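These numbers come from a predicted model, not from an experiment. Residue numbers start from 1 in every chain, and the chains themselves are labelled A, B, ... in the order their sequence lines are given, proteins ahead of strands.
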Number of protein chains: 2
Amino acid sequence: MSESANHDIYFVPGLHRGLRVLEILGAAKTPMSLSEIARAMDLSRSSAFRLVYTLRQMEFLKDGEQKNTYTLGAKVLNLGFAYLSNQPITTIARPLLAKLRDTTGVSTHLSVLEGHNVLYLGSHQARTGFVSNMVTGTRVEAYATAIGWCLLSGKSDAELAAFCKGLDMPPITKHTPTSFQTLKARVDQMRTDGFVVSHGFREPGGSSIAVPVWDQVGKVVACVNLSGPDSGFDFDKLKSFYLPETKATALRISRELGYEGSN
Amino acid sequence: MSESANHDIYFVPGLHRGLRVLEILGAAKTPMSLSEIARAMDLSRSSAFRLVYTLRQMEFLKDGEQKNTYTLGAKVLNLGFAYLSNQPITTIARPLLAKLRDTTGVSTHLSVLEGHNVLYLGSHQARTGFVSNMVTGTRVEAYATAIGWCLLSGKSDAELAAFCKGLDMPPITKHTPTSFQTLKARVDQMRTDGFVVSHGFREPGGSSIAVPVWDQVGKVVACVNLSGPDSGFDFDKLKSFYLPETKATALRISRELGYEGSN
DNA sequence: GCCAATTGTTTTGTATATAAAACATCAATA
DNA sequence: TATTGATGTTTTATATACAAAACAATTGGC
């Protein structure tokens, strides 16, 4: 706190609040009025007015259907996709994930670790059955998911301990690790197996396979993942077909990133 | 100008410059250093420092691979996808566009008009042949494309004239309309046909079908679009199969939006 | 290994962004 | 139609964000 406090002279309040306006409008399902924004941010209307004025002029906000209401503008989309295309792995992985989806018939995903969360960078939905909501850009807690354990396998024990420090880990299901020790057990298991297969760990009736992607220096940088409702999986084919296909795809992505190991 | 000038007392400069930092880093293919950012924005290093400091603390920027370099952070992705999910049409249209892709085997897209540009909201790539780059979030000039004419068909002649006012319309190909009159001719053609079919209007060897989507009050709000390389199209099937399928999909989306017309 | 040039960080006087208050406009209710 | 409450906009005195300059740390060339 003391460190952040004596550095906060550098904080640009106008920028901070403007971005909060964007976050609040992003979280809101419906356009908001000036006064609603001001209240949500605990800010004077006059200040909110200036923020909205600026954001609107820059096309980061646009007018809602109702008069005097505002929503996110298209400029934020530009930023979002600039982010994606600046992640070289997404462009490398996309066609390979599409192919994996086509050969297996199951939804495929690419994700990375962002802080304590799993961040989905892209997905290819199964062509049969119900398709889930768009998952790109969504985050879930890493400690509680198979994908998270897969991504955490790149960390050393010390890093993993630091990861757990100050993180509360409520149990989502009875299989959820709730301490450093139990999480480490999961991650160690992943390290020896080279993959994670889960059934209903996070959502009842949902199964998934998670396999890591390595970069030049052998670091785990992403995770390839097959997932869907149990009804979409043919369990007989899981170990004989789905798993090897997923591992092959992850390895091909790793190779394109310069990985030269033999995992 | 006079109006915007005497209103600029309301402009929040910190916010304005902070967002420009994000835009510049989004446009850059590679992480940038503090000084590079300062130069790109024609700003003092000390000010750039404060902006970067704030953005980093809010996780809109994160550290690049190299030391003292910065890239867009994951928070901008959140905003981008908040924008998409706040557009009800994307969630309605997604499964229908996927289905259209599967029945035709050709890439499908949904787009809307944003200012003078066509903005792609989502796409489903063909399963065969080369897949294009991710197009969601990209923009192209409306006046020069079949999709643009389709989207502009919702405007009255007066609105279309206003649209052209002060817009320079360089010819992209020899078919590109370069004036209000020639653009209006294209749009009128679209209005009588109810669709646009184009071959190589924008990219040589590329073909596309564009059909409008209407909302409750019969306004054109979006465009459904099949497109791909000529080699991906079976031209015999175009009018007998692709076009009716595309129109049916657009109509189903329109119906879900509350459209009750018979187009 | 030295020097020069470039970059990141801190300080500080001054120009200016800010929030309170006043004002204007609108919507709802009696 | 008059009255009340809430919202959007403008003004203005004051707190503060800002850029120049100084400083520190790093890098590159000879």
Side-chain angles (χ1 to χ4, degrees), chain A residues 1-25 28 30-73, chain B residues 1-25 28 30-73:
Chain A
M1 177 139 194
S2 64
E3 199 179 50
S4 71
N6 65 11
H7 270 293
D8 275 354
I9 354 169
Y10 299 133
F11 221 70
V12 181
L15 176 54
H16 175 233
R17 287 186 304 227
L19 292 174
R20 281 198 57 218
V21 170
L22 294 180
E23 291 183 317
I24 285 171
L25 263 86
T30 160
M32 291 172 80
S33 72
L34 191 63
S35 297
E36 287 174 314
I37 294 169
R39 252 171 318 198
M41 310 217 341
D42 198 22
L43 205 75
S44 67
R45 290 204 312 280
S46 53
S47 296
F49 174 78
R50 302 171 81 252
L51 296 171
V52 168
Y53 174 83
T54 306
L55 290 169
R56 211 154 67 108
Q57 199 143 306
M58 294 193 71
E59 294 182 66
F60 279 76
L61 291 189
K62 68 177 173 189
D63 297 12
E65 305 255 322
Q66 313 262 6
K67 220 189 174 187
N68 290 327
T69 64
Y70 308 98
T71 342
L72 294 182
Chain B
M1 176 140 194
S2 62
E3 198 178 50
S4 70
N6 63 12
H7 271 294
D8 274 353
I9 356 170
Y10 298 133
F11 220 70
V12 180
L15 177 54
H16 175 233
R17 287 186 306 223
L19 292 174
R20 280 197 58 218
V21 171
L22 294 180
E23 291 183 318
I24 285 171
L25 262 87
T30 160
M32 289 173 79
S33 72
L34 191 64
S35 297
E36 288 174 314
I37 293 169
R39 253 170 319 193
M41 309 215 345
D42 198 23
L43 204 75
S44 68
R45 290 202 314 278
S46 53
S47 296
F49 174 78
R50 303 171 81 252
L51 296 171
V52 168
Y53 174 84
T54 305
L55 289 169
R56 212 154 66 108
Q57 198 143 308
M58 296 192 71
E59 294 181 64
F60 278 77
L61 292 189
K62 68 177 173 191
D63 297 12
E65 305 255 323
Q66 314 261 7
K67 221 189 172 186
N68 288 327
T69 63
Y70 308 99
T71 342
L72 294 183

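The CZ-P distance, from A:Phe11 to D:dC18, rounds to 12 Å in whole Å. The interatomic distance linking A:Asp8 (CG) with D:dT16 (P) rounds to 13 Å, in whole Å. Straight-line distance from the CZ atom of B:Arg50 to the P atom of C:dG8: 17 Å, rounded to whole Å. Atom CD1 in A:Ile37 sits roughly 12 Å away from atom P in D:dT7 (whole-Å rounding). Separating the CZ atom of B:Phe49 from the C1' atom of D:dA22 is a distance of 15 Å, rounded to the nearest angstrom. A:Asn68 has its CG atom 13 Å from the C1' atom of C:dA24, to the nearest Å.
Across the interface with DNA chain D, nearest-nucleotide mapping of B:Pro13 and A:Glu36 shows A:Glu36 to be the residue nearer the 5′ end. Nearer to the 5' terminus of DNA chain D, by closest-nucleotide assignment, is the contact made by A:Leu34 (compared with the other of A:Val12 and A:Leu34). Heavy-atom nearest nucleotides on DNA chain C were determined for B:Lys67 and for A:Leu15, and the one closer to the 5' end corresponds to B:Lys67.
Put simply, the side chain of B:Thr30 does not reach to within 4.5 Å of the side chain of B:Thr69, judged on heavy atoms. A:Asp8 has its side chain within reach of B:Tyr53: a pair of non-hydrogen atoms, C-beta onward, lies under 4.5 Å apart. For the pair B:Ile24 and B:Glu36, the minimum side-chain heavy-atom distance is 4.5 Å or more.
Side-chain N/O atoms of B:Arg45 include none lying less than 4.0 angstrom from OP1 or OP2 on C:dT6. Distances shown here put every side-chain N or O of B:Tyr10 at or beyond 4.0 Å from the OP1 or OP2 atom of D:dT9. Between A:Ser46 and D:dG8, a side-chain N or O to OP1/OP2 separation shorter than 4.0 Å is absent. Between B:Arg39 and the phosphate of C:dT7, there is a side-chain N or O to OP1/OP2 separation shorter than 4.0 Å.
Side chains of A:Ser44 and A:Ser46: a donor on one and an acceptor on the other come within 3.5 Å.
Listed nucleotides: C:dG8, D:dT7, D:dC18. Nearest to the side chain of B:Arg17: D:dC18. Comparing D:dA20, C:dA20, C:dT18 against the side chain of B:Ser44 picks out D:dA20 as the nearest.
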